[in-house]
Amino acid sequence: MLEAVDISHTFSESTPFSRQVLNGVGLKLVPGEVVLLTGPSGSGKTTLARILAGLVRPEQGTVRFNGEDLYGSNGRRFATTDRVVLASQYPERQFFANTVWDELSWGLRVGLGMERSDVSRRLRRISEDIAFPLAQLADRSPRSLSSGQQRKAALVSLLALEPQVLILDEPLAGLNARERRRVVSLLQHWNRGDRSMLVIAHELELFLGWVGRVAVMGAGRLIFCGSPTELCQSSDPAVRRTASLPPIVELSYSLRQCGFSKGPVSADSATVRQQLEKALTHLGYNLEADT
Amino acid sequence: MVSIELNKVTFSYQDGAEEPVFADFDLRITAGEWVAIVGPSGSGKTTLLKLMKGLLQPQAGEIRINGSVLAARELNHLAACIFANPENQIVSPVVAEDVAFGLENMGLTPETIQIRVEEALRYVDLYERAAHFSHHLSGGEQQRLILAGALAQQKGCLLLDDPLCMVAGRSRAEILNLLKDIQARESCTMVHSTHLLEEALLAQRLVALDNGVLVFDDSPGRLLQEKELVNQLGLEVPAIADLGEMLARRGLVEPDEVVTLEHLLELLTVPGCTQDNEKIEI
């Protein structure tokens, strides 16, 4: 559906400030798939996302959407703006309207020319889904909202477009645990039919249980791409380090490495707890009540 | 070494027009302490740090730094402060220049500035990017850049408002450990707000705010035992720390100890356990 083909990109090429951010990266999203893109800061995740969304033209390589090249031979860009949308790391950057209502409804009213009652219905439904208090905040300036609410408002405006591909750059930054779970469950809920999603995040524990694939970037290259289970069990220390696997996964991995557990490496805390309990009992650390 | 004391502080963004963010708020932070502040969005974390830094003035009550009520100007010499959005805080187009900016304002010699800039950039692992454009940095790198700017000033107090929310897993853990070292070595007072309990657990003391009210003030390990409060604050106990209760029942840790991965791996180190995957029958 959406495909990055052999992308290389350098900022300020042939100046003293030149910085190569991507080096031969290929990534394909198939319909209905959710891919988690992770890696250390500065590894090129955001630039790849911007290129996939058609916001940045790559110096080398190309982007294809439903088989069509975004950059045809005539040099004109094939527009995907309402079908491939990107939620930026800085939600406040996308705001331009004076009220939350105008901001959120703009794409539907002006972009898609929908009737006011339909706009209202759709925005209310999506706001409810992610617990965004639309009615209460509709007349406020989007810039006066707290950072967590700005993030949600930006998400509502994008989901309202009902895109085919949703690209999210750090959608959980600045949210607390409860809000994170809420956004994650909204994303899970959104992912049905042939809608695809690319999520940039480093909170792996919230994604490993449900995403289809994980892509790990390190220094401008894609160093791993596979299922969450494959990643959790990878014996390549560079991949484990670059992906920054959650401590609970590393614990499960160690338990397996040491032969304490035979099951797959797990990211599920209840499963790992059981694995650990077994190991401790085996080592003779019994419950105090039992001894 | 900087102590901070808030006495009966009342603050409102629109005096009289809305409920105050803080009313008769008291908090004492001892010199050299690392205090983490947690609480839901809108609970007053950023406002509290701005009050401490003198960027906001209380309508009632007083804020004493090292025992005196200081003007914002004097406070500048004592504390460095950074906020969550790095873009608003970067002033120079070049990475090293941005770190140097604060030091130039302090009137340091070019030699000292150079040494400090280099050291601070190494701390946050951005030394290789010293000559890069700051707008070419990623979100996480920009946060590390402004943290370097604050560290380079070597002030006795660091006020950090969710400083690592865009920094990915491993480098976040590394920077937190580094801050812990600096804080211990320099006896720097550190007040650090965060949305994540895993970050707050590293501090010596944890303060929780809910709607401008202090609802918890004790060691981080104690908060883990208050499940209901953790939930009320919208926080979540990290999966590893959550194993603490089970370990305590086996007498392996103290009930209020914060369990880490290193801790657990140590417990599991037995003669039969080697990295070449020797199997033990269970």
Side-chain angles (χ1 to χ4, degrees), chain A residues 11-12 16-17 19 21 38-46 89-90 92 146-149 170 173-181 202-205 241-248 250-251 254-255 257-262 269 272-273 276-280 282-283 285-289 291, chain B residues 38-42 84-85 87 94 126 129 131-133 136-144 162 165-173 195-198 231 233-236 238-240 242-243 246-247 249-252 260-261 264-265 267-268 270 272-275 277-282:
Chain A
F11 289 153
S12 303
F17 301 102
R19 173 174 182 187
V21 275
T38 193
S41 45
S43 56
K45 307 183 294 292
T46 296
Q89 207 167 357
Y90 302 97
E92 67 275 18
S146 77
S147 57
Q149 281 166 341
E170 300 277 11
L175 300 180
N176 70 21
R178 186 186 304 145
E179 294 164 331
R180 287 173 172 210
R181 295 234 175 243
H202 51 258
E203 302 85 356
L204 268 62
E205 62 277 17
R241 200 173 47 243
T242 311
S244 242
L245 285 162
I248 195 83
E250 291 296 3
L251 175 63
S254 299
L255 286 167
Q257 285 293 99
C258 296
F260 288 121
S261 106
K262 291 208 177 61
S269 49
V272 181
R273 174 186 290 261
L276 178 67
E277 277 186 324
K278 258 182 155 179
L280 291 175
H282 177 77
L283 288 170
Y285 297 127
N286 291 319
L287 286 174
E288 288 212 308
T291 53
Chain B
V38 297
S41 312
N85 186 335
E87 281 220 315
V94 180
L126 276 182
R129 305 236 184 275
H132 281 210
F133 277 139
H136 283 174
L137 298 185
S138 73
E141 287 175 327
Q142 289 185 339
Q143 280 197 322
R144 277 148 54 191
D162 217 349
C165 62
M166 296 173 190
V167 179
R170 191 167 301 266
S171 36
R172 196 175 61 216
H195 279 94
L196 295 182
L197 201 44
E198 61 193 83
N231 197 26
L233 293 168
L235 298 169
E236 202 166 281
I240 288 278
D242 205 25
L243 297 168
M246 186 255 281
L247 296 174
R249 268 189 283 123
R250 290 172 192 256
L252 294 169
T260 62
L261 178 63
L264 280 166
L265 293 182
L267 276 176
L268 293 168
V270 285
C273 176
T274 54
Q275 284 303 304
N277 227 348
E278 198 177 324
K279 295 279 184 255
I280 299 171
E281 282 307 313
I282 309 182

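Just so it is clear: chains get the letters A, B, ... in the order the sequence lines come, proteins before strands, and each one is counted from 1.
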Which pair of non-hydrogen atoms, one from S41(A) and one from R144(B), has the smallest distance, and what is that distance? OG-NH1, 2.6 Å
Heavy-atom proximity to chain A below 4.5 Å, by part of L265(B): side chain
Output for pair (E179(A) CD, H195(B) NE2), nearest 0.5 Å, gives 6.0 Å
Where does L247(B) contact chain A at under 4.5 Å (heavy atoms): side chain, backbone, both or neither? side chain
Can you find a pair of side-chain heavy atoms, one from L283(A) and one from L267(B), that are under 4.5 Å apart? no
Residue, of T242(A), L251(A), L245(A), T38(A), that accumulates the most heavy atom pairs under 4.5 Å with chain B: L251(A)
Top contributor to chain A interface from A84(B), G39(B), S138(B), P238(B) [non-hydrogen pairs under 4.5 Å]: S138(B)
Engaged part of Q143(B) at the chain A interface, taking heavy atoms whose separation is under 4.5 Å: neither
Turns out that what part of R241(A) lies under 4.5 Å from chain B's heavy atoms comes down to both
Below 4.5 Å from any heavy atom of chain B, which atoms of L255(A) appear? Answer side chain, backbone, both or neither. side chain
Residue L264(B) versus chain A: region with a heavy atom under 4.5 Å: side chain
What's the shortest heavy-atom distance between P247(A) and I240(B), and which atoms? CB-CG1, 3.5 Å
All salt bridge (Lys or Arg N to Asp or Glu O under 4.0 Å) counterparts of E236(B), not counting sequence neighbours: R181(A)
With a 4.5 angstrom heavy-atom cut-off, is it the side chain or the backbone of V94(B) that approaches chain A, or both, or neither? side chain
State, to 0.1 Å, how close R19(A) and H136(B) come at their nearest heavy-atom pair, and which atoms those are. NH1-O, 3.1 Å
Specify which of N85(B), L137(B), D162(B), L235(B) makes the most heavy-atom pairs with chain A at under 4.5 Å. N85(B)
Closest heavy-atom pair, D242(B) versus R273(A), reported as atoms and distance to 0.1 Å, is O-NH2, 3.1 Å
Separation between OG of S254(A) and CG of L261(B), rounded to the nearest 0.5 Å: 6.5 Å
For chain B, the option from G39(A), P40(A), G42(A) that forms the most heavy-atom pairs under 4.5 Å: G42(A)
Winner by heavy-atom pair count (cut-off under 4.5 Å) against chain B, out of T46(A), V21(A), L276(A): L276(A)
Please flag which part of A131(B) lies under 4.5 Å from any non-hydrogen atom of chain A: side chain, backbone, both or neither. backbone
Nearest heavy-atom approach of S269(A) to A239(B) is CB-CB, 3.9 Å
So what's closer than 4.5 Å to chain B heavy atoms on E203(A): side chain, backbone, both or neither? neither
Can you name the residues that form a salt bridge (Lys or Arg N to Asp or Glu O under 4.0 Å) with E250(A), not counting sequence neighbours? R240(A)
Pick from C165(B), G140(B), G234(B): which one has the most heavy-atom pairs with chain A under 4.5 Å? G234(B)
